[in-house]
Amino acid sequence: MEYEPRAIEKKWSDWWKKHQTYRVTEVSGKPKFYILNMFPYPSGAGLHVGHPLGYIASDIVARYKRLCGFNVLNPMGFDAFGLPAEQYAIEMGIHPAVSTEENIRRYRQQMENVGLGFDWSREIRTCDPKYYKWTQWIFARLFEHYYDYDADKALPIEHLVRRLEKEGNARINAACDDDTPIITARQWNDFSEKEKLLFLLKYRLTFPEESFVNWCPALGTVLSNDEVKDGVSERGGYPVERKRMKQWSMRITAYAERLLRGLEEINWPEAVKDQQRNWIGRSQGALVRFPVQGHDGLFIEIFTTRIDTIYGATFMVLAPEHELVNTLTTPAQWAEVQAYVKWAASRSERERISEVKRVTGANTGAFAINPFTSEAIPIYIADYVLAGYGTGAIMAVPSGDQRDWNFAKAFGLPVIPILDSQRNLDQAADPTKEGRYINSDIINGLTYEEAVSKLLQWLEEKNWGKARIQYKIRNAIFSRQRYWGEPLPIYWKDGVPYLLPDSELPLVLPEIDKYLPTETGEPPLARAQHWRYRPTPDEAYEYEYSTMPGWAGSSWYWYRYMDPHNNEAFCSREALEYWRCVDWYIGGAEHAVGHLLYSRFWNHFLYDLGLVPEREFAKKLINQGMIQGRSSITFRAKEAFYEEYLWLKVLKPYLYEFGPMQIPKNRAEESFTYDFAFAVNDLAIEVVSWKKADKIERVRQTAEADNKRLLVLFTEELAANINAHKETAERIRQALLSREPFFMSQSVPEVEQLFVSYELTQKYSPDCFSRLHVDVALVTDDVLDLERARQRPMFQKANFKVGPQGRFQCAYEIEKMSKSKYNVVNPDDVIEQYGADCYRMYEMFLGPIEASKPWDTKGITGVQGFLKRLWSLYVGPNDTWLVQDAEPSREELRALHTAIKKITDDIERFSLNTCVSHFMILTNELRALKCHKKAILEPVAILLAPFAPHLAEELWHRFGHETTVCDATWPAWNERYLEADKVVYPVQINGKHRGNIEVDAAANQEEIKQIALQQDFVQRYVGNGSVKKFIVVPGRIVNIVV
RNA sequence: GCCCGGGUGGUGGAAUGGUAGACACGCAGGACUUAAAAUCCUGUGGCCGUUGAGGCCGUACGGGUUCGAGUCCCGUCCCGGGCACCA
């Protein structure tokens, strides 16, 4: 019987379901292994052929580990809250829950088709109230805690309250808002209840605050920094502006140092760790207080990472939003400064980004005193200093910092060199730390390290400032003005947010009539008429109307898989103690700083509360690459094409008869002169295609003014029938000869749809064609199926110009798979044609899991052929079982054991593409040996089980087993079978390969040397010269140096 | 500008300092066939040469370390990703 994947796969996927083969429990007595995929957002488009890449890879590892005797958890779920479902709801009026449900159903079906062995009894959905009850619960814990730097962990807010009651906050070293005032115990105790609650918000790990946010008017919501790219929203590309709004925040800054240190203990790709380090942005430096001249007791505090350059500070710069700007500005400068502040505030994020190079600013007229030199330096404001970083003020050192240098040049400020190694300061700043200090009083002659420690010491001694560590990371905005997300478990009473009691959770998303924001700009939840918190029949409080962002539900979900149906806790103690954390986590690199950083933050917090057993939730992270699409491109002629066509094919051969000609420099540019004019006669030529009818009159006027006779060529005929140009050309020629004004055509065709085969486009300039994506389903080997294409709307009126071989060729491009590029390949179609096992193996075979690589369905035939050949080792014609019990030969054993070793090693290092190669080699070898022996083929079936589970299960049962191959035992290799009797050594002479020798495997170095030196080819090179060195790398190579 | 990756045949890729191009796709030739599909066999980095010899070049480019470098080091170029007035 031929290998028939469809029948086999249907049979076993049903069997697995019936026998609950993939059900996982905690009672096993085996070591645990937790492998996790980043769960998908179920979009309406379904899975394309690239999505399952990581799922297949993790499925292979999961099955392999199970065969190796581990109790493997490999779950799947859905990150089901999000913008697209809500946008769809707004447009179509369909409840997001309905479309989400539908999308999930489709995703699950597609995943099952691939044969992924998920335990679906553990499926989770972030939009399920039973799930988001616990997302809200964790939010509540964050609200109830603050971060104490002395304890270096989160502590209950009551702890803080007790300390405030006793001693105020002067000695409390905790994460809090920058503007938190120092208060005494007495002040605290005198606070009203409301004042106390508002004050505590400055410490809570989640809190509402007025802040500048990325507001996207088109989406009607706030976006986090990582959802904004180049000033537009990542999703949809809508403009984003900065707006001051009340928003919930997460105090992730409290964990900056912990998140940085934690990176040391996890096996994650360096690139991801680097991105997180960069995002956290730790920099070591100093705070320095500069007294303001003429304002007693008033200081400007600055942050610098180059305290050693303080003697080179020739001015100061404040951010335009800096709180001291108004205080400092002198009357003379008042108008200028106010104008600048206003201008700076008006600029959008986008303008700022695009105008980075422009130097702008204004002088406040005030002066600050450099504490080290006692000299007065002017104070400016400029928007290259950011209000949100450091103290929003800097000391400007133009000799060492390029931005300061630019500013100094623009405003005529002095540049003082401070290191003897600085060069070319008249052209640019030199940020070197080399050399010795000059012009720097107490640090003159010192090196960088010496200078820094001396200055820091002085700062502390004189109370001018102190050493300081600064982080770039900002608190994370946590609310969205959206419907389709988790409600915050918060209600408002008298302008103060209160936490909903845990007993009220989950706070379920209410039904509303429309999904848009209200007319007054409130979030959609404000539409829920009777949605109020009523602790007693007499009270009714408004809930918080914003919802949680997309990353909330994904910041702890790996715990829910451990115990998905628990109603008493997010996860039971027992399950947590058993599974502990994710061993391998697989997902795209695009989550490097979003999901992966927030998840680590929540995990550290849960760890502080003793709720989870590990500080870091994922021991090992693997970034899978993206499978790109191979788009097919067709070329539709634009009017420039007809002009160029006329020129090349029709006019050019004739025009030389009329002598030198003026050819406009840039024909592509829209101009009102004609396309061609002759220097020697008074003839001008204008080539006009159908779209330029309005241009003729202007051209005619120009010609009249120039006193030229005008030849106007319409291209309609050529466009309609390009082969008819001979007649046209002849008419042009006649016109040129007679020098009569001549109009080729008076009419303009409505639309021309000329599509040109790719190879024909090469002769024309690129702007002659529009490049249009065409559905890859219509294209085979880059040739468009014209018959089927004509049935598509885009080609209904098409006119195809085929190439010399009578085929219509398309160009191709490798790019992201997307609906709009018509390059999406659906795994269902591939599976339908080749089978799931074939699809799985081919997807792995494409290349390393981390690399991005293009999908090309053509190559799958290689894997298909391999599976057929493998099958034919077991099953012959008429479904005969070919396997016999005969004793295997040494060669057969070596082939098998080499494969076991290589495949085992390669799975362990996650090199699954080479595993597939090893299977192909093994199959080719066994076929050459005509091997049909059970002792060889049964282990091969087990080896195959992780990769092609259906096929392996079929073979396994044909061997007579009645339980699943998933519970077989992974074969071990025996070194004894790997050794050959003879070893072939390549022999190099002076590093160049010259020949091979075959020696006994047991031969020692001296024996090998004797054999090598006897060889003719060796003698030829050694000749009379002596052998200087003889190197044998055992089992590898021989190198002779002559 | 800064920080990470990466650059190997026509294509996807292999090679953990030890014969560069495994394994495939594609292509060319052949077998079977009325034909096609399917299947099988042979060849396939370039150049010179041979037609059962062999030689030279070759992993972006230029140097270096080494008996030996795609792999390690230094410099240059190019491509991809991330961050970006972060003081």
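Throughout, protein chains are lettered first and strands after them, A, B, ... in sequence-line order, and every chain is numbered starting at 1. Predicted model, so just to flag it, every value in this text is computed and none were measured. All values below were derived from every heavy atom in this structure, side-chain atoms included, with hydrogens, water molecules and symmetry-related copies excluded.
Straight-line distance between the P atoms of B/G17 and B/C40: roughly 37 Å, to the nearest whole Å. If you take atom C1' in B/G64 and the same atom in B/G68, they sit 15 Å apart, rounded to whole Å. Comparing the same atom, C1', in B/G18 and in B/A14 gives a spacing of 16 Å after rounding to whole Å. Spacing of C1' atoms, B/G70 relative to B/U8, comes out at 7 Å, to the nearest Å. B/G9 and B/C47 have their C1' atoms separated by 15 Å, with the value rounded to a whole Å. For the P atom pair drawn from B/A87 and B/C78, the interatomic distance equals 28 Å after rounding to whole Å. Taking the C1' atoms as reference points, B/U44 lies 14 Å from B/A24, given to the whole Å. Across the C1' atoms, B/C77 and B/G26 are found 31 Å apart, a figure rounded to whole Å.
As a whole-Å value, the separation of A/Leu846 CG from B/G26 C1' is 15 Å. One can place CD1 of A/Ile989 at 15 Å from C1' of B/G54, the figure rounded to the nearest angstrom. Between A/Glu843 atom CD and B/G12 atom C1' there is a gap of 13 Å when expressed in whole angstrom units. Atom P of nucleotide B/G81 and atom CE of A/Met626 are separated by 9 Å, given to the nearest angstrom. Put simply, CG on A/Asp401 is 13 Å from C1' on B/C2, counting in whole angstrom units. Rounded to whole angstrom, the span from the CD1 atom of A/Ile473 across to the P atom of B/A84 amounts to 12 Å. A/Gln276 places its CD atom 15 Å from the P atom of B/G82, with the value rounded to the nearest Å. Straight-line distance from the CD1 atom of A/Ile627 to the P atom of B/G12: 13 Å, rounded to whole Å.
Partners of A/Arg468 by side-chain hydrogen bond (donor to acceptor under 3.5 Å, both in side chains), not counting sequence neighbours: none found. For A/Tyr812, the ring pair (Phe, Tyr, Trp, His ring centres under 6.0 Å) criterion is met by no residue, not counting sequence neighbours. A/Phe411 meets the ring pair (Phe, Tyr, Trp, His ring centres under 6.0 Å) test with A/Tyr380, A/Phe407; sequence neighbours excluded. With sequence neighbours left out, A/His48 forms a ring pair (Phe, Tyr, Trp, His ring centres under 6.0 Å) with A/His51. Remark: A/Phe299 engages no residue in a ring pair (Phe, Tyr, Trp, His ring centres under 6.0 Å) (not counting sequence neighbours). Taking A/Arg630 as the reference, A/Asp782 meet the side-chain hydrogen bond (donor to acceptor under 3.5 Å, both in side chains) condition, with sequence neighbours excluded. Under the rule for a side-chain hydrogen bond (donor to acceptor under 3.5 Å, both in side chains), the partners of A/Thr857 that lie at least two apart in sequence or sit in another chain are A/Trp855. Listed by chain and residue number, A/Gln988, A/Ile1031 satisfy the side chain to side chain contact (heavy atoms under 4.5 Å, CB included) test with A/Asn1039 (two or more places apart in sequence, or in another chain).
With a 4.5 Å cut-off on side-chain heavy atoms, A/Ile473 and A/Trp279 count as touching. Residues A/Thr305 and A/Gln284 have side chains not in contact (no heavy-atom distance under 4.5 Å, counting atoms from C-beta outward).
The residue A/Arg468 sits apart from the nucleic acid: no heavy atom pair falls under 4.0 Å.
Under the Watson-Crick or G-U wobble criterion, with both distances below 3.5 Å, B/U19 is left unpaired in every strand shown. Pair assignment for B/C83 gives B/G1, based on Watson-Crick or G-U wobble hydrogen-bonding distances that are each under 3.5 Å. Using N1 to N3 plus N6-O4 or O6-N4 for Watson-Crick, or N1-O2 and O6-N3 for G-U wobble, each under 3.5 Å, B/A53 pairs with nothing. Under the Watson-Crick or G-U wobble criterion, with both distances below 3.5 Å, B/C77 is paired with B/G7. Base pairing annotation: B/U65 forms no Watson-Crick or G-U wobble pair, as no partner gives both donor-acceptor distances under 3.5 Å. Nucleotide B/G43 has B/C27 as its partner under the Watson-Crick or G-U criteria, with both atom distances under 3.5 Å.
Here A/Glu257 pairs with A/Arg282 in a salt bridge; the nearest charged N to carboxylate O distance falls below 4.0 Å.
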Give each protein N/O atom lying under 3.5 Å from an N/O atom of nucleotides 3-10 of chain B, with the pair distance.
none

Hey, what are the protein-to-nucleotides 30-32 of chain B N/O distances that come in under 3.5 Å?
none

Side-chain donor-acceptor contacts of residues 923-930 of chain A below 3.5 Å, not counting sequence neighbours, with atom names and distances?
unit_1	atom_1	unit_2	atom_2	d
A/Thr923	OG1	A/Phe919	O	2.8
A/Asn924	ND2	A/Met920	O	3.3

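Closest-nucleotide positions on RNA chain B for A/Val1041 and A/Pro848 were compared, and the one nearer the 5' end corresponds to A/Pro848.
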Summary of protein contacts for nucleotides 15-25 of chain B, nucleotide by nucleotide, where a base hit scores B, a sugar-phosphate-only hit scores S (4.0 Å, heavy atoms): SB-BB--BBSS
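For A/Lys853, no side-chain nitrogen or oxygen approaches OP1 or OP2 of B/G13 to under 4.0 Å. For the pair A/Lys472 and B/C86, the criterion of a side-chain N or O lying under 4.0 Å from OP1 or OP2 is not met.
Listed here is the closest heavy atom pair of A/Val415 and A/Ala408: CG2-CB, 4.4 Å.
Of the candidates B/C67, B/A87, B/C56, B/C56 carries the atom nearest the A/Arg994 side chain, counting heavy atoms from C-beta on. Here the nucleotide nearest the side chain of A/Gln275, chosen from B/C83, B/A87, B/G82, is B/G82.
With a glycosidic angle no more than 90° from 0, B/G9 adopts the syn conformation.
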Steps toward salt bridge (charged side-chain N to carboxylate O under 4.0 Å, His left out) verdict (A/Arg277, A/Asp274): CA-CA 5 Å; A/Arg277 285 190 194 107; A/Asp274 272 339; 3.1 Å; yes
